[in-house]
Amino acid sequence: MIQSLPGFKDILPAEIRKWQFVENICRDIFESFGYQEIRFPVLEKAQLFSRSVGNDTDIVQKEMYTFKDKGDQSVTLRPEGTACVVRALIQHNLIYKGMHKFYYVAPMFRYERPQRGRLREFHHLGVEAFGDPSPYVDAEIMEINMEILKKLNVDVRVEINNIGCKKCRPLYIKVLKEYLMEKKGLLCEDCQRRLNTNPLRVLDCKKESCRKVTASAPSILDYVCNECKNHFNEVQRLLTKMKVDFVVNDKIVRGLDYYTSFVFEIISDRLGAQGTVSAGGRYNDLVEELGGSPTPACGFAAGEERIIELFDYKEDDRFVDAVVVPVGKDAMDFSFFLTENLRKEYIRSEFISSGSLKSALRKANRWKAKWVLIIGEDEMKEDMVSLRDLERSVQKKVKVKDVISVIRRGLDE
RNA sequence: GUGAGUAUAGCUCAGAGGUAGAGCACCAGGUUGUGGCCCUGGUGGUCGUGGGUUCAAGUCCCACUACUCACCCCA
């Protein structure tokens, strides 16, 4: 048997309504905030991500689907959307055309070991806002998140942090590294390694021994520049005014290098080890770094699979409204074309071409159909159909020309 | 990349060395043209794959593969 690849999942009809439900809610909210949909290619030049996400990040180092195409060019299946949007923004000069806020609903790819809440192909619901450095944009981004989670009635917690910018963060990293070096012996093996590769990551370690060390480590909040500090304070003020429950967690470290100052994570405790439902922040330097003119920006992405796991949704498993059943050979053609006419009226219909009436009714019942149209010798003679309402278990004969309007009325009830 | 757990019917699972099972689902009949509930019957399995031990392996041993969870890391 040929199976799907590990970490790649089929989304089957039984769950598709749930996906559509989430996507529709998000689209409506994004658009009400003035965001426009953008679609970008699945495949990009590899360097787009090494230059934006950061060459030393795990995403680029070990998680990307990167390969040479037939033209010997190094290409990558997108691991995230922000870099793609920024590329499109620059390439098409979108910001000069008056477009500055975008959203996307798109699959992403990362070569990781699959586990609960983590797949190799997964779906991001993301938005990006360009051109405005003000904390009101950050607040807007948070508002969008809260709006989605409220509509889906999902219980989460919000953690925020200020991770500084390219001016002030290097200073903090230097201080942190010095502090950690002194306590190196108390850190776990991984963290001793991280000391050199990425000292900020030590803050994120969940091991008890390391947490003890990092608990009294210098906080980034004391080292950020005035600009970052003021921005972060303003965002906090707005969040409080918006009645968003948040905690400042100065241990949050995002796995992507492009973030500046405000970052956030929205976390659920009901998702196992991978609890981050949505995350994002400000990235004021990225557009310039990718060759555009300096443009501040802020955005986020939510994991669709993780959101879907969080809320209950009652499936409407009816996918057929009416089942047309000919009884006897003479009714076949007539029934077939009657089915066609129902379909032209957008009444979801199935034509039963074989089997007993009993089995046809069983099928109709299993499909949760509302109507069964039974057409046999008698009905043909009288130019009528026997219209059975499966929900009420009542049946009556209806003139063929009236069938559609009767069904219509019944479905609207 | 590392560790642990799991693998028997479409699904959920029992079976601990001696003929492959149950519930649900599916199909048919009980009603010459009537679903759900009920009753009766039926279809369906190279017991993940390959090797080994044994008179005999779904069961014991080894290897592999897949899935799941966790680490790393992330949405």
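Within every chain, numbering begins at 1; the chains are lettered A, B, ... in the order of the sequence lines, protein sequences first and strands thereafter.
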Review point. Of the options A/Glu140, A/Met99, A/Glu128, which is the one that meets A/Tyr35 in a side chain to side chain contact (heavy atoms under 4.5 Å, CB included)?
Key: A/Glu140
Review point. Of all the nucleotides listed (B/C71, B/G33, B/A75), which has the minimum atom distance to the side chain of A/Val327?
Key: B/G33
Review point. Between B/U34, B/C73, B/C71, which nucleotide gets closest to the side-chain atoms of A/Ala273?
Key: B/C71
Check your understanding: A/Gly328 near the nucleic acid: base, sugar-phosphate alone, or nothing, with a heavy-atom cut-off under 4.0 Å?
Key -> nothing
Practice item. Counting heavy atoms from C-beta on, name the nucleotide in B/C73, B/U34, B/U68 closest to the side chain of A/Lys9. Key: B/U68
**Study point:** Phosphate contact (B/C69 OP1 or OP2) by A/Gln115 side-chain N/O below 4.0 Å
**Key:** no
Review point. Checking only heavy atoms, does the side chain of A/Gln395 share a donor-acceptor pair with the base of B/U34 at less than 3.5 Å?
Key: yes
Which atom pairs link the protein and nucleotides 1-4 of chain B when you take only N or O atoms and keep those under 3.5 Å?
unit_1, atom_1, unit_2, atom_2, d
B/U2, O4, A/Arg113, NH1, 2.9

Exercise for review: Indicate, with a heavy-atom threshold strictly under 4.0 Å, whether A/Lys368 touches base, sugar-phosphate, or nothing.
Suggested key: nothing
Exercise for review: State, yes or no, whether a side-chain contact exists between A/Tyr313 and A/Val22 at a heavy-atom distance under 4.5 Å.
Suggested key: no
Practice item. Give a yes or no on this: more than 12 heavy atoms of other residues, nucleotides or ligands lie within 6.0 Å of atom NZ of A/Lys183. Key: no
Check your understanding: Quick one: on RNA chain B, does A/Glu377 or A/Ala279 contact a more 5' nucleotide (nearest heavy atom)?
Key -> A/Glu377
Check your understanding: Are the side chain of A/Asn284 and the backbone of A/Ala297 linked by a donor-acceptor contact shorter than 3.5 Å?
Key -> yes
Point to revise | Any donor-acceptor N/O pair under 3.5 Å between B/G33 base and A/Glu379 side chain | key: yes
Study note, to complete from the structure: Heavy-atom nearest nucleotide on RNA chain B taken for A/Arg388 and for A/Arg110; more 5' hit belongs to A/Arg388
Exercise for review: Report, as a single string ordered 5' to 3', how protein heavy atoms within less than 4.0 Å touch nucleotides 23-32 of chain B: B base, S sugar-phosphate only, - not at all.
Suggested key: ---SSB-B--
Check your understanding: Which part of the nucleic acid does A/Leu256 contact within heavy-atom distance under 4.0 Å: base, sugar-phosphate only, or nothing?
Key -> sugar-phosphate
Point to revise | Candidate nucleotides B/C74, B/A70, B/G33, ranked by approach to the side chain of A/Arg116 - the nearest | key: B/A70
